[in-house]
Amino acid sequence: MPVDILQLHSHSASSPLVDIAELVDTGLSRRGGEKTLPTILLYDEIGLRLYDTITTDAPEYYLFAAEEQILEDHVNEIVKVMHSASAGVVSDEVVLELGAGALRKTSHILSALARSVSNECLQTPITYYALDLEQKELERTLRQIQESEIGNLLQGKVITRGICGTYDDGLKYISEGGLHSLVANAESSRLFDSVNKTERAMSPTSTHSSTSEGQDTFVTDTPPSSPGTSSPPLHIMFLGSSIGNFSRSGAIEFLRGLPLRAGSGDTLLIGLDHDNDPARIERAYDDSHGHTENFIKNGLRAAGRVLGDENLFAKENWEYVSQYDTDNRRHEAFLKPKMDHSVIAPNGKVYVFEQSERIKIEESFKFSDKDAFSLFTQANLRPVQRWVDRNSEYSLWLVERPAFVFPLLSSPFITNRGGELIPRKPYSTSSFGIPARQDWNVVWTLWDFITLRMIPRSMLLEKPIDLRHICLFYLGHIPAFLDIYMSRLLQEPFTQPEEYKRGIDPDVDDPTQCNPHSEVPTDINDWPALSDIVDYQHRVRARVMSLYDDIDSGRRPITRRMGRVLFMTYEHEGMHAETLLYMLLQRAGTGTVPPPDFMKPDWSSLAAAWNAAPKLSHGTVTLGPESVTIGHDDVEAEDARVVEVTLPDDHEYGWDNENPKRVVEVQQFEISWRPVTNGEFYEFYLGRGKDKIELPASWVVEDGEVKVRTLYGPVPMDVAKYWPVITSYDSLSSYAIVKGGRLPTEPELRLFFDKFHHGYDGGANVGFRNWHPLPATTGGSGNGGKGCNGGVWEWTSTVMDKVDGFSPSKLYPGYSKDFFDGKHNIVIGGSYVTVPQIAERRSFRNWYQRNYPYPWVGGRIVYDIKSKEIN
């Protein structure tokens with residue numbers, strides 16, 4: 001059977017060989033110590049075969065074996081999760097592999113794809129495209145697949161084709177809809193029909209060539225068409241930790257440019273090498289048989305070839321230098337001249353080399369967990385699931401492009417609503433200072449996502465929680481709050497009724513008693529229409545953007561008070577998004593729409609991975625005695641004295657209960673590495689706990705089975721047993737006492753977080769990375785202490801009250817002081833739906849009534865050193 005190769009080089013303005021020659025010339029023309037050769041030289045026809053030798057005959061090179069082992073163990077699961085958005089494979093689906101190479105690992109994916117297809121489910125087969133630089137290698141490897149047993153399995157289910165071109169060639173073609181156009185027109189163009197070769201060779205969309213083996217290959221050159229909005233899913237594979245060959249910034253740019261669409265079922269399966277033991281990495285790139293050295297030195301022959309003479313650089317004049325940079329987690333491959341010498345290219349250009357210099361030809365970045373999450377977040381991607389090899393040295397990640405991504409706080413860039421990467425306006429050097437206008441766009445996207453897409457219209461006038469307002473209230477409350485404070489700031493008249501300005505916090509024991517708030521309609525017919533609220537919302541948002549226009553143009557100088565209003569109203573939206581979501585959780589599965597444009601979790605495969613993952617022992621760490629700093633200095637009274645702020649401002653804003661900074665002495669104590677899990681709490685509840693605690697509001701009983709609520713509907717306890725239990729302070733405190741401990745004070749928990757808890761930039765489950773908790777059984781002492789608490793706030797035994805130096809907010813005087821009633825306790829941290837600016841601000845303090853069961857709060861146990869009791 002002929003091999004179909006799509007030739008894309010002709011779509012470039014110039015030959016790729018010319019482009020590479022320019023890169024070679026530029027790199028070798030630099031001064032000593034700065035010379036480079038492009039890595040692409042290593043992957044010509046000979047280089048690909050040399051690399052294949054490394055993977056088969058260099059056991060030190062663990063990357064290939066680790067990735068293959070993951071595929072051997074989990075390929076059916078991987079393919080299933082890839083298709084979770086479409087509930088299985090679909091007709092005309094496209095799978096594209098970047099840098100396909102020998103296809104040995106790919107064969108596992110192809111086989112699993114074929115196995116997932118029943119004869120009745122597809123009108124047209126899946127099309128797999130292998131993208132690589134060398135046509136002959138593509139022909140050879142694809143023919144091997146076709147002629148193998150796998151080829152028989154693929155018949156009628158998966159069509160294999162090649163794309164000859166660079167990454168840029170292939171991705172440009174995809175972005176313009178070329179692949180889907182080819183698949184859609186496959187029958188009419190007879191690319192996959194069993195027609196006679198003469199007829200195919202005369203086709204205007206094909207050119208005929210002959211391979212070295214004398215077999216026929218058809219190189220198609222079909223121009224792309226624009227992709228339709230209903231195009232089938234695109235699944236991209238980028239294996240072998242090839243993304244490590246990019247710089248950190250280059251990797252972000254490359255992944256951001258992938259044509260993955262939110263809510264389409266598109267996925268990326270990508271391999272990342274871990275930041276393993278440096279000696280292990282060094283051996284991997286300098287094997288005992290010298291295969292890697294041969295691979296790197298082949299770059300000299302390739303460099304000479306593109307300059308006009310493949311013998312231009314004599315290999316005997318060069319040595320291979322392998323080096324691992326521990327600080328940057330980067331392996332570097334160099335070519336070093338053995339003596340001073342020069343070479344003259346066919347065009348007369350002279351290249352001079354000194355014995356002491358090194359010419360970098362390849363670098364391979366390694367990825368800690370923090371590196372991986374940073375890469376994906378900045379590339380506007382979201383990890384869906386991860387598979388790790390048996391030695392925990394390598395990972396395959398399945399990622400998607402979600403509806404929105406909160407940027408890293410340290411990132412100078414942010415994604416706008418159209419998915420475009422744009423720089424943040426530097427209003428502040430502090431991550432917790434004046435929000436950029438782009439920050440508003442992200443939080444507004446979130447707010448619209450929740451209110452207009454997750455709440456059915458029929459549910460807007462309902463109360464998911466009796467202690468709260470109807471859902472429609474929050475749609476109006478948010479813009480009204482913003483409008484009020486914009487009006488006060490700009491001294492302009494407020495245009496909406498006061499009844500939409502505040503929330504509600506009734507006493508749980510006596511709901512008729514609650515904090516002061518304006519009256520709301522008691523008759524459903526008196527509530528405004530949704531369309532009126534949305535129109536009002538748009539007008540208020542326009543006011544905010546108009547203010548930023550005035551600031552940017554210099555028409556209005558920014559003041560500290562202005563900065564505080566912008567900070568306060570921004571965080572207010574984030575906090576109420578979380579409030580609304582924990583309300584909606586109570587109706588998930590019966591009313592609330594699961595998060596659209598985010599892939600639904602595959603609970604069975606996730607549970608299997610969580611069960612198999614190494615568990616953090618139920619141990620403790622001893623801390624203290626030590627001084628702990630609580631809060632920060634942010635005196636709102638100073639706002640009136642600061643007439644104008646010089647941008648970018650360095651001030652960190654906060655709410656009134658965060659000021660002033662204070663130092664607290666903490667005595668020695670032991671604290672559990674992880675929060676109490678659903679599984680532990682369930683065992684306690686079934687045993688001696690029923691008479692001590694109530695069923696958590698985060699659980700529900702269905703058909704006699706206790707399940708855990710999620711925004712996707714209830715899941716079995718077996719799925720959620722390692723998640724942190726979410727329940728009231730009273731219930732967790734009772735559990736802790738039975739276990740011989742207590743819940744931590746705010747300073748104790750803060751000390752633990754400071755030492756052992758990573759944040760959003762480090763991959764913590766906050767900021768909508770997931771729409772559900774994660775196991776709290778990983779991390780801790782086995783990971784340098786930088787563990788995951790699963791994505792929940794955590795209770796403290798510290799009662800919400802004023803501290804020495806407290807001064808109520810002048811802009812919002814009731815924010816904190818209304819809750820100094822002895823019934824509320826401090827919680828700190830953040831949940832999986834807490835916006836990063838709140839979850840990451842160390843001084844932020846949240847609070848809830850001790851018997852309030854709904855918010856996403858868990859807790860861990862503290863043992864006093866003298867009274868610890870082992871249970």
Side-chain angles (χ1 to χ4, degrees), residues 3-9 15-17 19-20 23-24 37-58 61 63-65 67-68 71 96-110 128-148 160-170 209 211-213 215 217 219 237-246 271 273 284-285 287 289-306 310 313 315 320 333 335 361-364:
V3 176
D4 288 302
I5 305 291
L6 174 65
Q7 178 59 257
L8 291 185
H9 288 330
S15 166
L17 292 180
D19 295 337
I20 296 173
L23 292 174
V24 171
L37 283 172
T39 303
I40 198 172
L41 292 172
L42 301 176
Y43 296 95
D44 65 355
E45 182 180 354
I46 295 176
L48 287 170
R49 297 196 184 197
L50 289 171
Y51 176 76
D52 198 27
T53 302
I54 294 173
T55 64
T56 56
D57 197 34
Y61 189 73
L63 289 78
F64 187 95
E67 190 170 66
E68 188 167 43
L71 290 171
L96 169 72
E97 183 170 7
L98 303 177
L103 302 184
R104 280 168 46 204
K105 290 177 292 187
T106 308
S107 64
H108 297 290
I109 296 285
L110 295 177
Y128 164 78
Y129 291 92
L131 172 68
D132 225 318
L133 283 170
E134 293 295 328
Q135 181 176 324
K136 289 184 179 180
E137 275 299 287
L138 281 169
E139 294 164 0
R140 181 181 71 84
T141 55
L142 287 171
R143 183 169 288 108
Q144 284 181 346
I145 289 288
Q146 291 179 355
E147 295 175 353
S148 68
T160 58
R161 305 193 66 210
I163 301 177
C164 188
T166 64
Y167 293 150
D168 290 341
D169 290 331
S209 67
T211 68
S212 58
E213 291 85 358
Q215 301 194 42
T217 299
V219 182
M237 299 193 301
F238 199 26
L239 306 179
S241 199
S242 297
I243 194 65
N245 296 137
F246 292 77
D273 191 19
Y285 291 91
D287 62 276
H289 295 289
H291 295 312
T292 304
E293 180 177 357
N294 292 335
F295 173 68
I296 296 297
K297 284 187 174 180
N298 180 64
L300 291 169
R301 185 201 58 79
R305 180 169 62 90
V306 300
E310 67 176 28
F313 302 97
K315 290 184 181 180
Y320 166 52
L335 289 161
I361 189 170
E362 185 183 43
E363 59 183 9
S364 180

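- The structure places OG1 of Thr141 at 7.5 Å from CG of Asp132, a figure rounded to the nearest 0.5 Å.
- By the 4.0 Å N-to-carboxylate-O rule, Glu293 lies close enough to Lys297 to be salt-bridged with it.
- Between atom CG of residue Leu37 and atom CG of residue Leu335 there is a gap of 6.5 Å, rounded to the nearest 0.5 Å.
- Here the closest non-hydrogen pair linking Glu362 and Tyr43 is OE2-OH, 3.4 Å.
- Counted by atom type alone, Asp57 and His291 present one or more donor-acceptor pairs between their side chains at under 3.5 Å.
- Put simply, CG on Leu48 and CG on Asn298 are 9.5 Å apart, with the number rounded to the nearest 0.5 Å.
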- Message: Test side chain to side chain donor-acceptor pair (under 3.5 Å) on Thr166 and Asp169; report intermediate values, then the result.
- Response: CA-CA 5 Å; Thr166 64; Asp169 290 331; 3.1 Å; yes
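- Here Ile163 contributes atom CD1 and Ile5 contributes atom CD1; the two are 9.5 Å apart, rounded to the nearest 0.5 Å.
- Taking both residues in full, the closest heavy atoms of Ala333 and Tyr320 are given as CB-CE1, 3.8 Å, listed atom of the first, atom of the second, then distance.
- The heavy-atom pair separating Asp273 from Ser241 by the smallest distance is N-OG, 3.1 Å.
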Item to complete: Evaluate the criterion side-chain contact (heavy atoms from CB on, under 4.5 Å) for residue pair Leu6 and Cys164; output intermediate values, then yes/no.
Response: CA-CA 6 Å; Leu6 174 65; Cys164 188; over 6 Å; no
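- Closest approach of Gly170 to Leu8, counting heavy atoms only: CA-CD1, 3.7 Å.
- With salt bridges taken as basic N to acidic carboxylate O contacts below 4.0 Å, one links Glu137 and Arg140.
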Note to self: side-chain contact (heavy atoms from CB on, under 4.5 Å), that's the test. Do Tyr128 and Leu103 meet it? Break it down for me.
What the structure shows: CA-CA 12 Å; Tyr128 164 78; Leu103 302 184; 3.2 Å; yes
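- From Glu147, atom CD reaches atom CD1 of Ile145 across 11.0 Å, with rounding to the nearest 0.5 Å.
- Ring pair Tyr51/Phe64 is perpendicular by interplanar angle, where above 60° counts as perpendicular and below 30° as parallel.
- Checked against side chain to side chain donor-acceptor pair (under 3.5 Å), Glu310 has the following partners two or more places apart in sequence or in another chain: Arg301.
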Derivation and outcome, side-chain contact (heavy atoms from CB on, under 4.5 Å), residues Tyr285 and Leu63
CA-CA 10 Å; Tyr285 291 91; Leu63 289 78; 3.8 Å; yes
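- The side-chain heavy atoms of Thr56 and Arg104, taken from C-beta on, include a pair separated by under 4.5 Å.
- Taking the six-membered ring for Trp and the full ring otherwise, the centers of Phe238 and Tyr167 sit less than 6.0 Å from each other.
- Remark: the backbone N or O of Asn245 is not paired with any side-chain donor or acceptor of Ser364 at under 3.5 angstrom.
- Residue Glu97 is tested with Leu110, Ile109, Leu131, Leu239 for a side chain to side chain contact (heavy atoms under 4.5 Å, CB included); the sole match is Leu239.
- Between Tyr129 atom OH and Leu96 atom CG the span is 9.5 Å, to the nearest 0.5 Å.
- Annotation for Tyr61 and Ala284: closest pair CD1-O, 3.3 Å, computed over non-hydrogen atoms.
- Ala302 is linked by a side chain to side chain contact (heavy atoms under 4.5 Å, CB included) to Leu41, Asp44, counting only residues two or more places apart in sequence or in another chain.
- For Ser148, the side chain to side chain contact (heavy atoms under 4.5 Å, CB included) partners two or more places apart in sequence, or in a different chain, are Ile150.
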